[in-house]
Each structure stands twice: as C-alpha cells, then as structure tokens.
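Chain naming here is simple, since letters A, B, ... match the order of the sequence lines and numbering starts at 1 in each. Remember, it's a predicted structure, so these values are computed and weren't measured experimentally.
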2 protein chains.
Amino acid sequence: MTEIQSISFVGSGNVATHLAHAFQSANLHIHEVYSPHHSHALDFARKFNCVSRKSIQQLSSDIDLMLLCVPDSQISGVSELISPGRAIVAHTSGIEPLDSLSDKIRQTGVFYPLQTFSKDRKVDFRVVPLCIEGNQASTSELLTQLAYKLSNKVVAISSPERAMLHLTAVMVNNFSNKLYGMAHEILERNHLDFNLLLPLIQETAHKMEEMNPEEAQTGPARRNDENTISRHREMLKEFPQYQQLYQLITDQIIKKHHE
Amino acid sequence: MTEIQSISFVGSGNVATHLAHAFQSANLHIHEVYSPHHSHALDFARKFNCVSRKSIQQLSSDIDLMLLCVPDSQISGVSELISPGRAIVAHTSGIEPLDSLSDKIRQTGVFYPLQTFSKDRKVDFRVVPLCIEGNQASTSELLTQLAYKLSNKVVAISSPERAMLHLTAVMVNNFSNKLYGMAHEILERNHLDFNLLLPLIQETAHKMEEMNPEEAQTGPARRNDENTISRHREMLKEFPQYQQLYQLITDQIIKKHHE
C-alpha cells in the first residue's frame, strides 16, 4: 500500500460521523461500517453512501484502514474480533495506548483528533490537531499522509504523550465547560441572562492566541483582593457545592501569583 | 443636560484606556484625566488628546460625566474628594454597589463593561455588554444613551444583579484561564506544545453560542468513566496541587449528570 484510499468504520457515533464527513470532503472512499446498534450503522451507511454490516466478522478485509470509533473500554475486545486482512487498524482514543490493540494485528495505529465533537455542530477539520502513532514507521507514515488530507496540523506523538494531551484537553474543555455550567445555573436562579457572558467567554479563549495563560490571568484572586473574594463567597452561600471549588481555584491563583 | 458629550477620567489603567478608545471612536470628547501616577495621566492625555491634572481637585466641574476607573477599594474615598459640579459621577466596577459613591454627589451611576481587558489587545466594544445603573431615572437614561454609542448590548441592572454577573464572570474568565494555565504548565513540563489545545479551547467557548453548558458537557466525568479518571489521577501525581481540583470538578460533573 502506498496510500490509504479506502476506509471502514467500526462504530458510528459522534467521532465516526465527524471523521467520515472530513474523509468525504477529502474525496476518500468510505467502504463500510459496523455498529453494535444496527440502526445506527444503517443511518451512517445512508449518510455516507457505504455498506452496513450486521456483524463485525462480515467486514471486508480488502480495505486500507479500519478505524475503531468505539468506547475506550471496547477497543481491546473489538480488535481481537476483527480480521483486518491487509488493513491498518487504528483507534481514535485520546487515552488508550497503542498496544491496547490486539498484538495479532500486523499494522496498528492511532488517529486521535484533539477536538470536542457534538451532534449537529460542524467542525472545521483543517485546524483540528490530528495525533498520529503507528507500530511501524510505514504505518505512521501512511496515517500521517492521510491525516494531512484532513488537517493542516498533524503531529506524531507517543501513547504517554497523547495521554498527557488528553488529560489537559479534559481540563480546558470538560472542566471549563463545567465552570460555564456553574455560571449558567447561578444566573438562571437569579433570572439573569447567561448570554451576557458570551463575549467574555470567547475573549478569554481567544486571548490564548496572543498571550500565555499566566500573563492573561486577571481578577480578584490575581490581585489578592480579599474583599471581593469574601463577597463572592458570601454570594455563593446558596450554592454550597460551588463554594469549595471557588475557594480552591482562588487559592491556586493566589499561590501561583503571590507566593 | 440632554446628552452626555464631555467626559473626564479618574484613573488611566486598562479599563480607562479601553473605554477612552471606545469613546473616541464614537466621536465623544474626552476632556481631562487625573491619575495618582502623574506619568500615567500624561501618557493617557497624549494618547487621547486631553488635559492631564496633577490633583483630583483640579478636575473641571464643567463636564457631563466623570468616570471613575480606579481600584474598587478607592471608589468610595475618591468620590468624597471630587467636586463634580453638574457632572454625573459613575464608577466602572463589577462588584461595588452604586451607593459606594459619596451621597453628597447629586447624580451617581455605574457604567460596567462586562469584559476582560488586557494591555495591547483590542476589544470590539460593539459586542461588550454594558451594565448601567443610575440613582435617578434621568441618570440611568443618560448613561444608557451614552452606552448605546459604544455597544449594541446595554442592560439596566441593579447592584446585586451586577455583583452576581461579576461572580459568574470570574468563574468563566479567571477560573477558565486558570485551567488553561494548569494545562500549559503540565504540557510544558512534558515538552508538549500548548498551541495544540487552542482549537479545542476555542470550540469549547463557541459551542456556548448554540447549546447550553449542560448539553455541551462531554468527557470522562460526564460518562462516569472510572478507568480514565483514575489514569488521569495517576498522571497528576507530579502535580499534587492540581489533583484535588481535578477530583472536585470531576465529582461535580458526576453528581450533576449521574445522581
């Protein structure tokens, strides 16, 4: 194989769907799909004009790449069940190591898009970092070539490095989103409009293009402004579950910038 | 007064500078500036082509609005020192109540831009929410008219409501930024590029335009994925100060979505 041209999907959820869109836009052929929920596979097959399979054993062995877009806990088990033929088998997980794939497979790899995917929300893949790993130099190379057809940002990283990126992705995505959720809840309870925070939320994110987070840090904790901090703490009395979190992050900022 | 046309600044820091730029773009006249750091006042005066004063008592009383852009703790004291004549005196704080301004002043108000301002980073004021309050209906009206010359998003809110917005602004801005800082520190220590997270940081923020944070929540805690959570915790052993924070936010997400 000199180039990956045909692709099968195992799994048909959010990640599979977003990747399949990106492949289709890059004129790559999606050959077939298997999902334990056959109705999902049928939807996916209709959307991407490919074959759907009722069992994993029916997947063709005459393709270049099998992409596993399944929950992390299923990667190992699924990889034991497939007969990939000449295909590269790659998973798409941020945290699972490369060697979670069956060692009976000749060519294994990782194809991890470092982005958050939501149903019905389009993602511009050209800017999504694709983190690549292969068990052989030739595998990495083929996956890297493929990745460049989707994105301008392709990086070869090891399993431990990828896990570190995944941990920090959880912080900047899942945890920031939780902070937005706290704000949403507090404002809603006080009949105030969450949308008032949107320009601030976006400016906070976009600042990171120009300055590092330590430079960008502002606010009462950054100034060690005890008066404001204690007023905030007082206001949070109705939200005891958030009081501890407020204090902990505040203490971290003070420690970083004042000790 | 039927319209605010001339403005003096007390204070010449980030907030004053960003507001002055916005006023200048709206063709409003900046009359003069006082700052306890006279060299800052001189810089400001040069930039905005206005008079600088060495003492607060020298400020002209023949203007429409005196804007206090001073640290929260100084608002009350400064307002006691000025002789505003016919001018409205407004502060720009998110947390200080309207009545922190001296009750000797006839017309008092608040003009709070809900945004984060950094030196050397331009802000599009048209989208910045301006939160207005006045001690009389006519004062609120004049400040509201003025605010609409800078922004399309002007809201009249009370002091307790503004404090609530300020608390949530700290969460979505200062605290999210701290999470970015944690990620930055962890990646740097592992020789990985923080810029890889930028598209994710921005997508997380932009999702909020289309869905609320509870819907947007993803990740190991949202899935109650104990395996990934315990791996992350293990990886954080080198960063004990962040382990507790990781656990607390994770617990909050699990509690919200699984209990």
Q: Could you walk me through whether A:T204 and B:V172 pass the side chain to side chain contact (heavy atoms under 4.5 Å, CB included) test, one step at a time?
A: CA-CA 8 Å; A:T204 304; B:V172 302; 5.9 Å; no
Q: Starting from the C-alpha separation in whole Å, work towards a yes-or-no answer on side chain to side chain contact (heavy atoms under 4.5 Å, CB included) for A:L114 and B:L196.
A: CA-CA 8 Å; A:L114 179 45; B:L196 288 171; 4.1 Å; yes
Q: Measure B:E215 against the heavy atoms of chain A and call it side chain, backbone, both or neither at under 4.5 Å.
A: neither
Q. Is there side-chain contact between B:N227 and A:D72, with heavy atoms separated by less than 4.5 Å?
A. no
Q: Please determine, among A:E214, A:Q241, A:H206, A:E210, the option with the most heavy-atom pairs under 4.5 Å with chain B.
A: A:H206
**Q.** Nearest-0.5 Å distance that lies between atom CG in A:L248 and atom CD in B:Q247
**A.** 11.5 Å
Q | Sole candidate of A:I186, A:N190, A:L200 that passes side chain to side chain contact (heavy atoms under 4.5 Å, CB included) when paired with B:T168 | A | A:I186
Q) Under a 4.5 Å heavy-atom cutoff, which of B:L236, B:L192, B:V127 has the most pairs with chain A? A) B:L192
Q.
With a 6.0 Å cut-off (strictly less than), is the heavy-atom count around CD of A:Q244, excluding the residue itself, greater than 12?
A. no
Q) Atom CZ of A:F117 and atom OG1 of B:T218: how far apart are they, to the nearest 0.5 Å? A) 10.5 Å
Q) What residues of residues 249-259 of chain A sit under 4.5 Å from chain B when only non-hydrogen atoms are counted? A) A:I249, A:T250, A:Q252, A:I253, A:K256
**Q.** From CD (B:Q217) to CG (A:N173), nearest 0.5 Å
**A.** 7.5 Å
(Q) Is any side-chain heavy atom of B:E96 closer than 4.5 Å to one of A:R231? (A) yes
**Q.** Contact origin within A:L167 toward chain B - heavy atom pairs under 4.5 Å
**A.** both
Q: Output the option from A:M211, A:M182, A:M171, A:E185 having the highest count of non-hydrogen pairs under 4.5 Å with chain B.
A: A:M171
Q: Would you give the length of the straight line joining atom CE of A:M164 to atom CZ of B:R189, rounded to the nearest 0.5 angstrom?
A: 9.5 Å
Q. Atom CD1 in A:I201, atom CD in B:Q202: separation rounded to 0.5 Å?
A. 14.0 Å
Q | Option in A:R223, A:R121, A:Q115, A:E161 with maximal non-hydrogen atom pairs under 4.5 Å from chain B | A | A:R121
Q) Got a second to check how far A:L179's CG is from B:N174's CG, nearest 0.5 Å? A) 10.5 Å
Q.
If you define the side chain from C-beta out and look only at heavy atoms, does anything of A:Y246 sit under 4.5 Å from B:V170?
A. yes
Q: Decide if atom CD of A:E226 counts as having more than 12 heavy atoms of other residues, nucleotides or ligands within a radius under 6.0 Å.
A: no
(Q) Please determine whether side chain to side chain contact (heavy atoms under 4.5 Å, CB included) holds for the pair A:M208 and B:H184, giving the CA-CA distance in whole Å, both sets of side-chain angles, and the decisive distance to 0.1 Å. (A) CA-CA 10 Å; A:M208 296 299 103; B:H184 186 256; over 6 Å; no
Q | Under 4.5 Å from a heavy atom of chain A, the part of B:P220 involved | A | both
Q | Contacting region of A:A163 [heavy-atom separation from chain B under 4.5 Å] | A | both
Q: Could you label the plane-to-plane angle of the A:H232 and B:H166 rings as parallel, tilted or perpendicular, counting under 30° as parallel and over 60° as perpendicular?
A: tilted
Q. With only heavy atoms counted, which part of A:K153 is less than 4.5 Å from chain B, the side chain, the backbone, both or neither?
A. side chain
Q) Can you list the steps and then say if A:R222 with B:K178 is a side chain to side chain contact (heavy atoms under 4.5 Å, CB included)? A) CA-CA 10 Å; A:R222 175 66 184 85; B:K178 178 61 189 169; over 6 Å; no
Q | Top of A:L187, A:D225, A:N212 for chain B proximity - count of heavy-atom pairs under 4.5 angstrom | A | A:L187
